[in-house]
**Q** 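The structure follows.
These numbers come from a predicted model, not from an experiment.
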Amino acid sequence: MRIYVTSVLVDNQEQALDFYTNKLGFEVKHDIPMGEHRWLTLVSKEQPDGTELLLEPSEHAAAGPFKSALVADGIPFTSFQVDNVDAEHKRLSGYGVVFTQSPVKAGNVKMAVLNDTCGNLIQLVEMLR
């Protein structure tokens, strides 16, 4: 068994597409119209056949309160692994990405948390050797 698709709930698919591709660097895998929304998945440039990230519209009534509670408590919705969190923090800050937590070492990882502009906090994690 493998993970095929994982979702991130987004307030606006077009805004999320811009952020996740032009800032974070993911690539579009599928962009299929589905009524007023799209089946919009992204993949890592480093793993084009890897797990897909679905930019899932946060239309369900539970999505808003769920996302707001996570953000209020400073809890990231999901995590992405990077090779160098300090370099990513610097690169993304240059694009105007807002971080709620600057890089910090925690045991065997270094992590930072950013605001994805779509209602989520996202954690970047570097595995320390």
Side-chain angles (χ1 to χ4, degrees):
M1 189 175 302
R2 296 180 306 280
I3 298 171
Y4 161 60
V5 174
T6 189
S7 301
V8 63
L9 298 167
V10 298
D11 299 335
N12 178 303
Q13 281 186 309
E14 199 59 42
Q15 181 180 337
L17 177 62
D18 178 62
F19 183 84
Y20 281 81
T21 57
N22 295 323
K23 302 272 191 314
L24 298 187
F26 290 103
E27 293 182 333
V28 174
K29 178 80 173 197
H30 298 287
D31 189 351
I32 303 167
M34 306 279 295
E36 70 178 272
H37 300 295
R38 296 139 66 179
W39 178 260
L40 183 55
T41 66
L42 310 176
V43 292
S44 167
K45 290 179 181 180
E46 298 165 9
Q47 294 179 316
D49 294 320
T51 303
E52 296 177 36
L53 178 66
L54 174 63
L55 300 180
E56 177 80 35
S58 54
E59 295 290 317
H60 189 279
F66 171 73
K67 288 169 52 172
S68 294
L70 289 179
V71 170
D73 289 343
I75 299 171
F77 185 83
T78 194
S79 297
F80 300 137
Q81 186 175 353
V82 297
D83 292 332
N84 184 321
V85 78
D86 290 315
E88 285 298 317
H89 178 263
K90 182 177 179 179
R91 180 182 75 82
L92 293 170
S93 293
Y95 285 136
V97 173
V98 174
F99 281 81
T100 61
Q101 178 184 313
S102 296
V104 61
K105 188 176 176 183
N108 293 335
V109 300
K110 186 181 270 190
M111 58 192 168
V113 178
L114 61 87
N115 181 323
D116 77 349
T117 74
C118 303
N120 303 292
L121 298 178
I122 304 294
Q123 184 176 61
L124 302 181
V125 176
E126 172 187 352
M127 305 308 288
L128 300 175
R129 311 231 182 302

**Q** Under a 4.5 Å side-chain heavy-atom rule over Ile, Leu, Val, Met, Phe, Trp and Tyr, are Leu42 and Trp39 clustered together?
**A** no
**Q** Set out, in order, the CA-CA distance, both residues' side-chain angles and the distance that settles salt bridge (charged side-chain N to carboxylate O under 4.0 Å, His left out) for Lys29 and Asp49, then state yes or no.
**A** CA-CA 9 Å; Lys29 178 80 173 197; Asp49 294 320; 3.4 Å; yes
**Q** Mark yes or no for whether Asn120, through its side chain, and Leu9, through its backbone, hold a donor-acceptor pair below 3.5 Å.
**A** yes
**Q** Measure across Gly107 and Leu128 and return the closest heavy-atom pair with its distance rounded to 0.1 Å.
**A** O-CD1, 3.9 Å
**Q** Mind checking side chain to side chain contact (heavy atoms under 4.5 Å, CB included) for Pro57 and listing every partner two or more places apart, or none if nothing turns up?
**A** Gln13, His37, Glu59
**Q** Distance-only, no hydrogens or angles: does the Gln15 side chain make a donor-acceptor pair with backbone N or O of Thr117 under 3.5 Å?
**A** yes
**Q** Once rounded to the nearest 0.5 Å, what's the spacing between atom OG of Ser102 and atom CE of Met111?
**A** 12.5 Å
**Q** Given the rule that I, L, V, M, F, W and Y join up when any side-chain heavy atoms are under 4.5 Å apart, are Tyr20 and Leu17 in one cluster?
**A** yes
**Q** List the atom of Leu53, the atom of Ser7, and the distance in Å for their closest heavy-atom pair.
**A** CD1-C, 4.2 Å
**Q** Tell me if a side-chain donor or acceptor on Lys67 pairs with a main-chain N or O of Cys118 at a distance below 3.5 Å.
**A** yes
**Q** Phe99, Val82: one ILVMFWY side-chain cluster at the under-4.5 Å cut-off?
**A** yes
**Q** Quick check: closest heavy atoms across Val43 and Gln47, and the distance to 0.1 Å?
**A** CB-O, 4.0 Å
**Q** Verify the cluster assignment for Phe80 and Met127: are they in a single hydrophobic cluster under the rule of side-chain heavy atoms below 4.5 Å apart?
**A** no
**Q** Can you tell me how far apart CG (Asp11) and CG (Asp116) are? Round to the nearest 0.5 Å.
**A** 8.0 Å
**Q** Quick one: closest heavy-atom pair of Pro103 and Asp86, and the distance?
**A** CB-OD1, 3.3 Å
**Q** List the steps, then state whether ring pair (Phe, Tyr, Trp, His ring centres under 6.0 Å) holds for Phe19 with Tyr95.
**A** CA-CA 10 Å; Phe19 183 84; Tyr95 285 136; 9.6 Å; no
**Q** Is the closest basic N to carboxylate O distance between Arg38 and Glu14 below 4.0 Å?
**A** yes
**Q** Is it the case that one hydrophobic cluster holds both Val8 and Val28, taking links as side-chain heavy atoms less than 4.5 Å apart, direct or via other members?
**A** yes
**Q** For Asn115, give me all partners under side chain to side chain donor-acceptor pair (under 3.5 Å), at least two apart in sequence or on another chain.
**A** none
